[in-house]
Amino acid sequence: MGDTSKDAVLGALEACKGDFVSGEQLACDLGLSRNAVWKAVRSLEGSGYAIESVTGKGYRLAADCSILSRQSIERYLQSNPDSLRVEYHDNISSTNDRCKQLAEEGAPEAVLVVADQQCAGRGRQGRAFFSPGGTGVYFSLLLRPDFALEEVTFITTFAAVCATQAIEELFDVEVAIKWINDLFVDGRKVGGILTEASFDAETRGLAYVACGIGINVFTPAGGFPEDLAPACTALTDETRDVADLRSRLIAGTVDRFLDGYGRIESRPHLEEYRRRSFLTGRDVQIEAQGGPQSVHVEGIADDFSLLVKDENGDKRALRSGEVHIPAASFAPENTAI
């Protein structure tokens with residue numbers, strides 16, 4: 001029995017999760033033998049799925065079984081399944097790296113790569129991204145947008161807004177966005193977005209974009225590493241998924257993103273991004289020629305630049321760069337997620 005039969009049976013059980021479906025019906029619907037269905041169920045149980053088998057009723061995937069999988073994510077996606085390919089990995093180096101590999105191989109737009117764990121996840125500036133299994137969501141979208149390179153910022157900011165909305169729909173938290181790509185809850189970092197683009201020299205446009213999102217959903221067993229603990233948090237103190245929260249969070253974010261993707265260039269998310277800005281009104285430090293410089297953040301510009309005023313009263317707009325909140329006025333900043 002190959003993985004194809006196992007995946008097919010899992011998809012069918014996920015579709016009617018909590019209800020019985022007969023082995024005969026599964027075999028008929030999936031074009032499998034009854035024995036192949038039985039072997040698939042045994043294999044799924046060996047992978048940790050709680051499946052009840054009752055003579056005369058068939059098989060039932062427990063309603064509280066919340067193992068992250070392609071099938072569990074697809075169950076909650078509202079997007080047209082024909083327009084989105086979902087690829088799931090138990091462990092991968094980086095979902096963004098996989099997206100870029102697929103792009104170089106000619107994969108079309110709208111591939112969603114999801115991992116339970118990343119062994120080489122990263123954030124901006126090549127920083128390591130803490131990505132343990134069973135606790136967070138780590139996923140990337142492969143996109144082939146038809147707009148200017150400088151507008152890639154619109155993808156990052158839109159992804160941030162979509163993620164905050166999906167989070168607040170599922171969890172009793174309020175999410176702020178630290179320019180330009182970090183998600184904060186109660187003053188600590190809960191996730192971030194890493195957008196990487198490839199430039200096509202021939203067309204002088206974008207070849208593809210990999211938009212990666214990582215969010216700490218559950219507190220890792222034993223807590224966060226010592227260097228991250230002061231600045232990191234999770235969406236809930238729970239340590240395991242009992243309601244498909246990770247699958248629902250991924251699906252909710254992706255659905256929102258794909259629904260508005262075609263309108264990104266008109267910046268429909270600008271005002272909400274401004275409203276959620278974590279830095280507006282704060283005194284921060286930015287990297288400048290000659291070393292760190294203290295500035296006051298006045299807001300977000302129409303192109304999502306950060307509007308700042310220095311100690312001399314001079315104003316400028318930052319399109320990129322590092323922003324640090326002084327430790328004296330705020331919790332230490334997480335630089336490794």
Side-chain angles (χ1 to χ4, degrees), residues 123-125 127 150-169 171-195 211-216 228 230-235 253 256-257 260 263-289 291-337:
R124 294 183 69 227
Q125 307 296 320
R127 299 186 182 110
E150 57 268 20
E151 293 177 339
V152 169
T153 299
F154 298 172
I155 292 177
T156 304
T157 52
F158 185 58
V161 169
C162 291
T164 62
Q165 292 173 338
I167 289 170
E168 292 182 357
E169 183 178 66
F171 299 88
D172 185 23
V173 297
E174 292 185 4
V175 189
I177 302 171
K178 176 180 173 289
W179 185 85
I180 188 171
N181 65 329
D182 290 335
L183 309 180
F184 270 53
V185 170
D186 292 333
R188 292 193 290 175
K189 186 170 177 178
V190 77
I193 292 91
L194 176 65
T195 303
C211 179
I213 300 175
I215 302 169
N216 305 326
L228 300 182
C232 280
T233 189
L235 295 176
T253 302
R256 286 173 170 83
F257 187 92
R263 304 186 300 275
I264 283 182
E265 285 186 282
S266 66
R267 293 163 286 177
H269 58 295
L270 175 60
E271 290 309 317
E272 182 164 1
Y273 189 91
R274 282 172 167 159
R275 179 176 65 81
R276 293 182 181 272
S277 173
F278 184 72
L279 296 182
T280 299
R282 292 183 182 273
D283 293 322
V284 302
Q285 289 186 331
I286 60 173
E287 297 297 327
Q289 189 174 12
Q293 180 182 15
S294 297
V295 297
H296 181 78
V297 178
E298 298 202 319
I300 305 293
D302 288 350
D303 64 353
F304 296 95
S305 297
L306 190 69
L307 301 174
V308 301
K309 181 173 67 175
D310 65 23
E311 294 171 329
N312 296 320
D314 295 328
K315 298 181 180 182
R316 59 179 143 154
L318 303 177
R319 287 191 57 84
S320 63
E322 293 292 299
V323 177
H324 305 283
I325 304 170
S329 62
F330 196 68
E333 183 166 355
N334 175 12
T335 59
I337 184 170

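Just so you know, these numbers use all the heavy atoms, side chains as well, and skip hydrogens, waters and symmetry mates.
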What verdict does the side chain to side chain contact (heavy atoms under 4.5 Å, CB included) test give for Leu183 and Ile193, after you've listed the backbone C-alpha separation in whole Å, the side-chain angles of each residue and the deciding distance to 0.1 Å? CA-CA 8 Å; Leu183 309 180; Ile193 292 91; 4.1 Å; yes
Which class fits the ring pair Phe304 and Tyr273: parallel under 30°, tilted 30 to 60°, perpendicular over 60°? perpendicular
Mind checking the CH2-CG spacing from Trp179 to Leu318? Nearest 0.5 Å is all I need. 5.5 Å
Whether Asn216 side chain and Thr233 backbone form a donor-acceptor pair below 3.5 Å: yes
Rounded to the nearest 0.5 Å, how far apart are CD of Glu272 and SG of Cys162? 9.0 Å
Could you tell me the separation between the CD1 atom of Ile213 and the OG1 atom of Thr253, rounded to the nearest 0.5 Å? 5.5 Å
Taking all non-hydrogen atoms of both residues, which atom of Val297 and which atom of Leu279 are closest, and how far apart? CB-O, 3.3 Å
Out of Leu235, Ile215, Thr164, Ile167, which one pairs with Val185 under the side-chain contact (heavy atoms from CB on, under 4.5 Å) rule? Leu235
Scanning both residues in full, the closest heavy-atom pair of Asn312 with Asp310 reads N-OD1, 2.8 Å
Check whether Glu168 reaches the backbone of Val175 with its side chain - one donor and one acceptor, N or O, closer than 3.5 Å. yes
Suppose we screen for side-chain contact (heavy atoms from CB on, under 4.5 Å). Which residues come up paired with Ser305, at least two apart in sequence or across chains? Ala301, Asp303, Ala317, Arg319
What are the two closest heavy atoms between His269 and Thr157, and how far apart are they? NE2-OG1, 2.8 Å
Please report the closest heavy-atom contact between Thr195 and Cys211, naming both atoms and the distance. OG1-SG, 3.8 Å
List in chain and number order the residues that pass side-chain contact (heavy atoms from CB on, under 4.5 Å) with Glu151, two or more places apart in sequence or in another chain; answer none if no residue qualifies. Phe147, Ala148, Phe154, Glu265
Heavy-atom closest pair (Gly281 atom, His296 atom, distance to 0.1 Å) is O-CE1, 3.2 Å
Any side-chain heavy-atom pair from Arg276 and Glu174 closer than 4.5 angstrom? no
Could you give the distance from CZ (Arg188) to CG (Asp182), rounded to the nearest 0.5 Å? 15.0 Å
Does a sphere of radius 6.0 Å around CG in Asp172 hold more than 12 heavy atoms from other residues, nucleotides or ligands, not counting ones at 6.0 Å or beyond? no
Do Ile286 and Arg316 come within less than 4.5 Å of each other through their side chains, counting heavy atoms only? yes
Can any side-chain N or O of Arg274 pair as donor or acceptor with the backbone N or O of Ile300 at less than 3.5 Å? yes
After noting the C-alpha distance and the side-chain angles of Asp302 and Leu270, does the key distance pass the side chain to side chain contact (heavy atoms under 4.5 Å, CB included) rule? CA-CA 7 Å; Asp302 288 350; Leu270 175 60; 3.8 Å; yes
The reported gap from CD in Glu287 to CD in Glu322 (rounded to nearest 0.5 angstrom) is 7.0 Å
Any side-chain to backbone donor/acceptor pair from Lys189 onto Lys178? Under 3.5 Å, distance only. no
Taking all non-hydrogen atoms of both residues into account, name the closest pair between Glu311 and Ser294 and its distance. OE2-CB, 3.7 Å
